Amino acid sequence: MTTNIRHAASTELLPELTRLGEHDAIPYYGNLIGGKPRPAVDEAVMASTNPARPTQILGYVPASGAADIEAAVAAAHAAFPGWRDTPAPQRGQILARIAERLHAHRDGLGRLVSREMGKVYDEARGYDVRGAAALAEYMSGEGRRFTGVTSPSETPGRMGFTLREPIGVVGLITPWNLPVLTPGQKIIGAIMCGNTVVLKPAEDTPLTALLLAEIFQEAGVPDGVVNVVTGRGGEAGQALVAHPGVDMISFTGSTAAGRTIGGVAGSLLKRVSLELGGKNAIVVLDDADVQLAVDGAVWGGYASNGQRCTASSRIVVDRRVAAEFTDSFVARVRALRVGDPLIEGVQVGPLVNQAALDKVDSYTRIGLSQGAELLTGGRPVPDAAGGYYYQPTVLGNVAPTDRVAQEEIFGPTVSITVVDDEDEALQVANGTEYGLSMAVYTRDASRGLAWVHRMEAGMVYLNAPTIGAEVQFPFGGIKNTGNGHRETGPSVIEQFTEVKSVYLDYSGQLQRTGFTLD
Ligand code: NAP
């Protein structure tokens, strides 16, 4: 394998992937460490496959372990002083070039996302890649702000202010569902603040991560500032979290993995940022524009096949409009076109892998066993190529405490719970362990604003579904969705910097602070 290693350069990778299936040679891509492609130290490999045609191997990548993490952390440390000392406006200029390169590679990167994790091409190109480009644009300006605080000193002849400084080497661990935007937003935020990073992407989307890092290099990010080590969470991921040379862990993924990672990183006194699961509700009040709510529920529930942390997986609807909403919603869901995500007009692609397909199907059975009614869907879609397709599914008559209303399914399954009044709607909507995103539909702006205050979520929407976050606003949740950090928007700076308080005394004498006000 090592003799066959190739750099996952964007110019090479994209034509290679578009030709797959037409020739025998399956490319092998190395980790990106210190700007160079490297195989795993023990030469172990794993395959990245196409969920629409699971026998199609898109490429091989290293199945890395602790030794590879060691090398990547060393490269990140070596690059750190130079990057830290690069003036923030210059780092911002590189981010502007990253934005430009991401826009230039939107089609190819979008196609790779569709191939590797099954999201329809328009969403891959339009939201995932474009979102990362938009964040790079936004953060490039931050290079000329990067502001601190100045306050008057209580002591004469003295002034004080704060500086923002990078934390050091940041370990990034990401899931597969937004394989450009999530690694992209972490890398962009971390390097803007002067940190260097080691990314361990999800094992289902390693090629996208490698290509993303190549694009960053193409934009002028120096060697060693962004390192990528592919592999499994239980091996490369755990090694990254436990490595003493990693100063911070920024993790996005399931609440279960977040608890473990938060525990290990916390015991090592590392800063740890956790962006975890969601069980997001759309609330349809009795005065809602019902058709607008149906539009929102279809988009929020089934975009990316329901595989978004912010997916609208629960509908909480007032009994007075429940029949109208449900009839229209179910008809629209039945009409969704399922198929290969690269075919134009397809609205729902395959799930990411067999385990996801099994999980989604098992939740249909769990829902039915607890008394839910299957309104549409509920079965895998037979496919000659073995693609992991599942029928867009609606479960009605779901009680708020049912498992399908409480647990994250992460697939094309939406549950409907009917409530009698607004108080019950709020109680049901807020009644899960998660607090990521929530939406309310009402024609009454005052009522909507009251809901804005009462919804327990980090992001709330009025008359729009629970997906659709924009990069200039903080992204993240409360309760078991995270540990209080926010990604994107100005909050990125808080996440990825240390604050240093600076006192300058120009009085020429010892001044005992605290005594000067007596
Ligand atoms: P996951 O199983 O938690 O995995 C996420 C990442 O962590 C993967 O790279 C995984 O590696 C790695 N990992 C797993 N266990 C680990 C451990 N003990 N130590 C170190 N690394 C570990 O989540 P997923 O299934 O990929 O993604 C879906 C989840 O992400 C959902 O819960 C979704 O809500 C959440 N999510 C949250 C947000 C947000 O911003 N709040 C955004 C997107 C997704 P492998 O790939 O090898 O398993």
Side-chain angles (χ1 to χ4, degrees), residues 46 48 61-66 69 116-117 119 127-128 131 171-186 189 198-206 208-209 228-243 246 249-265 270 272-280 304-313 351-353 355-356 359-360 407-411 432-437 457-459 466-467 469 471 474-488 491-492 495:
M46 60 187 200
S48 177
V61 295
S64 310
I69 291 293
E116 213 176 17
M117 58 70 70
K119 180 182 303 198
Y127 188 74
D128 205 349
L172 312 174
I173 302 178
T174 51
W176 45 266
N177 66 322
L178 286 158
V180 174
L181 182 52
T182 307
Q185 76 193 24
K186 288 183 190 294
V198 177
L199 167 69
K200 201 301 282 177
E203 65 188 271
D204 285 302
T205 51
T208 304
V228 182
V229 177
T230 60
R232 301 187 174 89
E235 293 156 13
Q238 279 185 14
L240 186 60
V241 175
H243 196 293
V246 174
I249 293 291
S250 175
F251 171 79
T252 297
S254 61
T255 295
R259 278 185 208 283
T260 308
I261 290 167
V264 174
K270 295 180 188 207
V272 56
S273 134
L274 305 169
E275 298 290 341
L276 309 175
K279 191 70 191 174
N280 318 287
S304 298
N305 216 346
Q307 300 174 120
R308 282 207 197 173
C309 51
T310 50
S312 312
S313 57
L351 287 156
V352 67
N353 55 33
K359 180 180 172 191
V360 169
E407 298 171 20
E408 194 179 35
I409 300 172
F410 223 56
T432 76
E433 66 171 307
Y434 299 109
L436 184 55
S437 185
M459 297 173 287
T466 57
I467 64 172
V471 298
F475 184 99
I478 61 172
K479 295 158 78 175
N480 288 350
T481 292
N483 65 342
H485 291 270
R486 293 288 185 278
E487 305 211 329
T488 72
S491 314
V492 172
Q495 191 184 155

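Not measured: the values here are computed from a predicted model. Indexing begins at 1, ligand by ligand and atom by atom, following the structure's order.
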Between S312 and T466, a side-chain donor and acceptor under 3.5 Å: yes
L276, any N or O under 3.5 Å of ligand 1 N or O: yes
Per-atom contacts, ligand 1 versus F251 - under 4.0 Å to a heavy atom: 3 (O), 5 (C), 6 (C), 7 (O)
Structural part of L178 in contact with ligand 1, heavy atom criterion under 4.0 angstrom: neither
Protein contact to atom 48 (O) of ligand 1 [nearest heavy atom, distance to 0.1 Å]: E203 OE2, 3.5 Å
Atom 35 (C) of ligand 1: the protein heavy-atom neighbour that sits closest, reported with distance to 0.1 Å: G253 O, 3.2 Å
Per-atom contacts, ligand 1 versus T174 - under 4.0 Å to a heavy atom: 6 (C), 8 (C), 9 (O)
Winner among G231, S254, A311, S313 once heavy atoms are compared against atom 1 (P) of ligand 1: S254
Protein residue, atom and distance nearest to atom 28 (C) of ligand 1, heavy-atom basis: F410 CE2, 3.6 Å
Atom 40 (O) of ligand 1: nearest protein contact (heavy atom, Å): F475 CE2, 3.1 Å
Numbered atoms and elements of ligand 1 in range of T252, under 4.0 angstrom, heavy atoms: 5 (C), 36 (N), 37 (C), 38 (C), 39 (C), 40 (O), 42 (C), 43 (C), 44 (C)
Q495 (side chain) donor-acceptor with R486 (main chain) under 3.5 angstrom: yes
Nearest neighbour in protein (non-hydrogen) for atom 10 (C) of ligand 1: K200 NZ, 3.8 Å
Polar proximity ligand 1 side, R232 side, N/O cut 3.5 Å exclusive: no
Identity and distance of the protein heavy atom lying nearest atom 13 (N) of ligand 1: G233 CA, 3.6 Å
Exercise: identify the closest heavy-atom pair between N280 and T310: ND2-C, 3.0 Å
Minimum heavy-atom distance between E487 and V492, given as atom pair plus value: C-CG2, 4.0 Å
A257, portion touching ligand 1 at heavy-atom distance under 4.0 Å: side chain
Backbone of Q307 reached by a side-chain donor or acceptor of S304 within 3.5 Å: no
I173: numbered ligand 1 atoms lying under 4.0 Å from its heavy atoms: 6 (C), 7 (O), 9 (O), 12 (C), 20 (C), 21 (N)
K270 (side chain) donor-acceptor with V241 (main chain) under 3.5 angstrom: yes
For N177, the ligand 1 atoms whose distance to one of its heavy atoms is below 4.0 Å: 43 (C), 44 (C)
Numbering as shown, the atoms of ligand 1 that approach C309 to under 4.0 Å (heavy-atom distance): 33 (C), 34 (O), 36 (N), 37 (C), 38 (C), 39 (C), 40 (O), 42 (C), 43 (C), 44 (C)
Top protein contact for atom 18 (N) of ligand 1, by heavy-atom distance: Q238 NE2, 3.8 Å
Protein residue, atom and distance nearest to atom 32 (O) of ligand 1, heavy-atom basis: E408 OE1, 2.6 Å
Side chain to side chain contact (heavy atoms under 4.5 Å, CB included) against P201, all qualifying residues, sequence neighbours excluded: T174, L199, A209, V228, T230
Check: N480 main-chain N/O paired with T255 side-chain donor or acceptor under 3.5 Å: yes
Closest non-hydrogen atom pair, L436 against F475: CD1-CE2, 4.5 Å
Flag for K279-T432: side-chain donor and acceptor within less than 3.5 Å: no
Atoms in ligand 1 flagged as close to W176, the criterion being non-hydrogen separation under 4.0 Å: 24 (P), 25 (O), 26 (O), 27 (O)
Residues K186 and T252: side-chain donor-acceptor under 3.5 angstrom: yes
Under 3.5 Å side-chain donor-acceptor pair for E116 and S48: yes
